[in-house]
2 protein chains.
Amino acid sequence: MPNQQPSLDLMFQALADPARRGMVERLSRGPASVSELARPLDMSLPAVMQHLAMLEAGGIVTSQKVGRVRTCALQPQALSLAEQWINQRRTQWAQRLDRLGDFLAAEEETQ
Amino acid sequence: MPNQQPSLDLMFQALADPARRGMVERLSRGPASVSELARPLDMSLPAVMQHLAMLEAGGIVTSQKVGRVRTCALQPQALSLAEQWINQRRTQWAQRLDRLGDFLAAEEETQ
DNA sequence: CCAATAGTTAGGCAATTGCTTGACTATCCA
DNA sequence: TGGATAGTCAAGCAATTGCCTAACTATTGG
């Protein structure tokens with residue numbers, strides 16, 4: 001098992017392109033071959049391969065080749081990591097706003 | 001109010017750089033000036049401005065200038081949008097796995 | 001008014017991204 | 001065995017990113 005520790009850089013980079021998000025979308029409904037991923041994409045197969053490479057670099061997708069078909073699958077742990085990072089910043093901000101609200105309410109009372 | 005509909009492209013692109021995530025991290029603890037954002041970053045102020053522009057383009061940060069100081073703040077709705085996108089793909093994948101598990105369990109029973 | 005502070009604009013440069021085409025390898029199946 | 005299928009490699013090109021320095025504007029405080 002290749003212990004991959006994908007960076008947030010590569011994860012978010014991988015998600016920052018509509019073609020790649022389309023591929024993720026497709027893979028969220030189940031595994032697919034490279035050609036299946038390419039079908040709706042209106043670009044050459046090598047281009048799709050490059051996008052796939054970036055998704056793999058970000059740890060978002062894994063693939064293995066059986067016969068002449070490479071089958072790709074989503075790697076939900078990576079998605080989870082990215083999701084957590086965003087969630088933490090967002091909730092920290094929300095908490096800060098709550099404390100500010102409390103402070104202002106207390107100010108109000110002491111007047 | 002400038003009704004901005006930031007694209008997922010620009011949001012994820014904005015988050016795909018450690019300097020920019022550092023700025024988001026800082027802003028999750030409260031508003032800050034451009035110089036404050038720049039302080040820990042070991043790069044020129046113009047470079048920081050460019051990163052800030054990408055964060056604003058992604059809708060993740062807003063800023064306004066008062067006197068000679070530009071104050072930046074987090075825009076949690078945008079973060080929320082990115083978070084939701086990831087969450088939906090991830091949970092769709094999980095549900096598919098659940099159904100697959102159910103199917104296999106049912107197969108098991110009928111044997 | 002003048003100097004320090006805070007930010008902005010412009011130009012330039014190396015690396016990366018996103019795509020192409022053409023040529024190639026490996027596998028499958030009639 | 002030979003042709004169709006699935007994928008891969010390599011070179012090349014335009015656009016974008018990420019950084020810099022130098023020069024500039026706008027504000028503030030003494």
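Residue numbers start from 1 in every chain, and the chains themselves are labelled A, B, ... in the order their sequence lines are given, proteins ahead of strands. Here the structure is a predicted model, which is why all the values come from computation and not from measurement.
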Item to check | Residue-phosphate contact under 4.0 Å: B:His51 side-chain N/O, D:dC19 OP1/OP2 | outcome: yes
Checklist entry - If only side-chain N and O atoms of A:Arg68 are considered, is one of them under 4.0 Å from the OP1 or OP2 phosphate oxygen of D:dA4? => result no
Checklist outcome for this item: Contacts satisfying side-chain hydrogen bond (donor to acceptor under 3.5 Å, both in side chains) that involve residues 78-87 of chain A (not counting sequence neighbours) are A:Ser80-A:Gln84, A:Glu83-B:Asn87, A:Glu83-B:Arg90, A:Asn87-B:Glu83
Next on the checklist: Quick check: do B:Val61 and B:Gln75 have side-chain heavy atoms less than 4.5 Å from each other?
Outcome noted: no
Checklist entry - Mind checking whether A:Phe12 and A:Ile86 have side chains closer than 4.5 Å, heavy atoms only? => result yes
Checklist outcome for this item: Taken in chain and number order and not counting sequence neighbours, the residues that satisfy salt bridge (Lys or Arg N to Asp or Glu O under 4.0 Å) with B:Glu36 are none
Checklist entry - For B:Arg26, what residues pass the salt bridge (Lys or Arg N to Asp or Glu O under 4.0 Å) criterion, not counting sequence neighbours? => result none
Please tabulate, one pair per line, all N/O donor-acceptor pairs under 3.5 Å involving side-chain atoms of residues 37-46 of chain A, not counting sequence neighbours.
{"from": "A:Ser44", "atom 1": "OG", "to": "A:Ala47", "atom 2": "N", "distance (Å)": "3.4"}

Item to check | Those residues that, when tested against B:Gln50, pass side chain to side chain donor-acceptor pair (under 3.5 Å) (two or more places apart) | outcome: none
Checklist entry - Sequence neighbours excluded, which residues qualify as side chain to side chain donor-acceptor pair (under 3.5 Å) partners of B:Gln88? => result none
Let me have the donor-acceptor pairs involving side chains of residues 64-72 of chain A, under 3.5 Å, with sequence neighbours excluded, atom names and distances please.
{"from": "A:Arg70", "atom 1": "NH1", "to": "A:Ser63", "atom 2": "OG", "distance (Å)": "3.0"}

Next on the checklist: With heavy atoms of chain A within less than 4.0 Å as the criterion, where does contact along DNA chain C begin and end?
Outcome noted: C:dG18 to C:dC28
Next on the checklist: Let me test you: for the helix from C:dC1-D:dG30 to C:dA30-D:dT1, what is the angle between the axes at its two ends (five pairs each), rounded to 10 degrees?
Outcome noted: 20°
Item to check | Any residue of residues 34-43 of chain B with a heavy atom less than 4.0 Å from an atom of DNA chain C | outcome: B:Val34, B:Ser35
Item to check | Near-strand residues of residues 16-25 of chain A, defined as heavy-atom separation under 4.0 angstrom from DNA chain C | outcome: A:Asp17, A:Arg20
What nitrogen or oxygen pairs link the protein and nucleotides 23-25 of chain D at under 3.5 Å?
none

Next on the checklist: Mind checking if A:Ala47 touches a base, just sugar-phosphate, or nothing, with heavy atoms under 4.0 Å?
Outcome noted: base
